[in-house]
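All figures in this text were calculated on a predicted structure; none of them were measured in a lab. Note that ligands are numbered from 1 as they come in the structure, with each ligand's atoms numbered from 1 the same way. As a basis for the values below, the full set of heavy atoms in this structure was taken, side chains included, without hydrogen atoms, waters or symmetry mates.
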Amino acid sequence: MTQDNLDTEIEKAARLLRCGGVVAFPTETVYGLGASAFDPAAAARIFEIKGRPRFDPLIVHLPATDWLERVALEVPPKAALLAEKLWPGPLTLVLRKRDEVPDIVTAGLPTVGVRLPDHDIARRLIEAAGVPVCAPSANPFGYVSPTTAAHVRLQLGDKIDAILDGGPCRVGIESTIVSFEGVSPTLLRHGGVPIETIEAVLGCAIAVARPEDPVAAPGMLKRHYSPSVQVVLFDGEIPASQGPGTGLLLISGRQVPGGFTAVEILSRSGSLSEAARNLFAALRRLDEAGLRVMFVERAPESGLGVAINDRLRRAASR
Ligand code: TXA
Ligand code: MG
């Protein structure tokens with residue numbers, strides 16, 4: 001796409017957002033399905049299009065930190081510090097919301113999740129629309145998140161008003177969510193900013209919401225990111241193939257025994273950021289390979305590996 005074309009596409013998409021439209025757009029994490037965060041009818045369309053339960057709140061996206069005051073009542077000092085050091089980037093802050101943010105966006109919660117995406121197209125789109133944009137990942141509810149415009153087109157293309165194509169997403173897994181609802185910050189979802197980075201900025205350890213805690217992040221369901229094929233996780237040695245229709249997904253490159261119908265290696269060198277970037281597209285390819293079962297290697301449980309393993313556990317859950 002030429003620069004002129006891109007400018008026109010962004011302008012058109014921004015106009016759609018101002019008029020109640022629903023537009024898919026790239027961020028550094030995954031593609032989002034956006035609507036004006038101040039338009040309850042448009043937000044309702046997002047829930048319908050995704051088949052998403054109304055109890056699962058949407059993240060509100062801003063183009064600049066000074067827009068925070070349009071959606072958040074107050075920004076505690078530690079939240080301000082995280083925003084200063086880690087925005088724009090894959091970090092969502094849960095803060096007390098202003099009345100202007102409709103209940104449908106926050107699923108009736110007194111808080112709102114906000115983030116400032118590190119993606120030029122996303123920021124220019126929101127800026128041009130002139131309103132904060134609420135957006136979940138642009139996939140049918142419960143399925144693998146989209147990291148290319150083609151993923152969005154394939155599953156939701158006929159249901160939405162426009163798709164902005166920004167190429168493949170650089171981070172590849174969703175934002176880390178930190179809540180400031182309680183007295184001290186709590187991590188609700190592992191994501192593109194490792195917890196180690198957050199703790200280094202804050203200078204202290206932070207609590208992590210337990211997966212079985214249903215109110216913590218209403219959307220954190222046990223089964224999610226789910227391919228239709230059975231997913232079996234493993235550590236260490238590669239399991240033997242179960243015959244035709246067996247797939248294999250490895251975090252890093254190594255010798256692969258014979259007998260697998262399809263094999264994906266997320267990062268030959270074992271880089272966890274490269275593995276995260278390739279994860280969802282690889283899960284989709286394996287899902288489309290006509291398999292009966294896929295064996296999926298767990299990542300090392302540190303840095304981005306924690307967020308990768310969180311997605312894998314949910315993908316494997318039935
Ligand atoms: O990277 C991302 O965060 C992507 C891109 C598009 O920005 N968005 C994303 O949205 O992953 P979604 O809807 O797939 O996941 C949002 C998660 C859900 O688990 C939801 O429950 C949680 O954020 N969430 C949103 N607002 C919240 C709030 N006020 N309190 C607690 N959890 C909240
Ligand atoms: Mg999602």
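Contacts classified as side chain to side chain donor-acceptor pair (under 3.5 Å) and involving residues 289-302 (residues at least two apart or in different chains) are given here: Asp235-Arg298, Arg254-Glu297, Glu301-Asn309.
Heavy-atom contacts of Ile177 reach the following atoms of ligand 1: 17 (C), 22 (C), 23 (O) (cutoff under 4.0 Å). Set against the non-hydrogen atoms of Leu188, the atoms of ligand 1 under 4.0 Å away are 31 (C), 32 (N). Near Gly113, the atoms of ligand 1 lying under 4.0 angstrom from a non-hydrogen atom of the residue are 26 (N), 29 (N). The contact set between ligand 1 and Leu109, taken as ligand atoms under 4.0 Å from a residue heavy atom, comprises 28 (C), 29 (N), 30 (N). Atoms of ligand 1 found under 4.0 Å from any heavy atom of Thr111 (numbered from 1 in listed order, with element): 28 (C), 29 (N), 30 (N). Near His61, with a cut-off below 4.0 Å to any heavy atom, the atoms of ligand 1 are 5 (C), 6 (C), 7 (O). Close approach of ligand 1 to Arg189 is summarised as follows: ligand atoms under 4.0 Å from at least one heavy atom of the residue are 2 (C), 3 (O), 9 (C), 11 (O), 15 (O), 16 (C), 17 (C). For ligand 1, the atoms sitting less than 4.0 Å from at least one non-hydrogen atom of Thr29 are 1 (O), 2 (C), 4 (C), 5 (C), numbered in the order shown with element in parentheses.
Residues Arg277 and Pro168 have side chains not in contact (no heavy-atom distance under 4.5 Å, counting atoms from C-beta outward).
Checking each of Leu249, Ile238, Val256 against Val263 for a side chain to side chain contact (heavy atoms under 4.5 Å, CB included) leaves exactly one that passes, namely Val256.
At most 12 heavy atoms of other shown residues, nucleotides or ligands fall within 6.0 angstrom of atom CZ in Arg96.
When Lys50, Arg52, Glu28 are checked for heavy-atom proximity to atom 13 (O) of ligand 1, Arg52 turns out nearest. Closest heavy-atom approach to atom 27 (C) of ligand 1 among the candidates Cys169, Ala138, Pro57, Gly32: Pro57.
At under 3.5 Å, not a single nitrogen or oxygen of Glu174, backbone or side chain, sits near a nitrogen or oxygen of ligand 1. In terms of polar-atom proximity, defined here as any N/O pair under 3.5 Å, Ser137 does make such a contact with ligand 1. Ligand 1 has an N or O atom lying under 3.5 Å from an N or O atom of Asp56, backbone or side chain.
A donor-acceptor contact closer than 3.5 angstrom links the side chains of Arg115 and Thr27. Using modelled atom types, one finds a donor on one side chain and an acceptor on the other under 3.5 Å when comparing Thr92 with Ser175. A donor and an acceptor atom, one from each side chain of Thr148 and Arg153, are nowhere located under 3.5 Å apart.
Using modelled atom types, one side-chain atom of Glu28 and one backbone atom of Asp118 make a donor-acceptor pair closer than 3.5 Å. Using modelled atom types, no side-chain atom of Glu100 and backbone atom of Phe38 make a donor-acceptor pair closer than 3.5 Å.
Contacts with ligand 1 closer than 4.0 Å are made by no heavy atom of Glu181, backbone or side chain. Contact annotation for Val94 and ligand 1: only side-chain heavy atoms (C-beta onward) come within less than 4.0 Å of the ligand.
Distances from ligand 1 to the non-hydrogen atoms of Ile59 include at least one value under 4.0 Å.
Residue contacts to the Mg ion (ligand 2): Ser137 brings an N, O or S atom closer than 2.8 Å.
Qualifying side-chain contact (heavy atoms from CB on, under 4.5 Å) partners for Pro136, counting only residues two or more places apart in sequence or in other chains: Leu33, Ile46, Lys50, Arg52, Leu58.
With hydrophobic clusters built from ILVMFWY side chains whose heavy atoms lie under 4.5 angstrom apart, Leu154 does not share a cluster with Val229.
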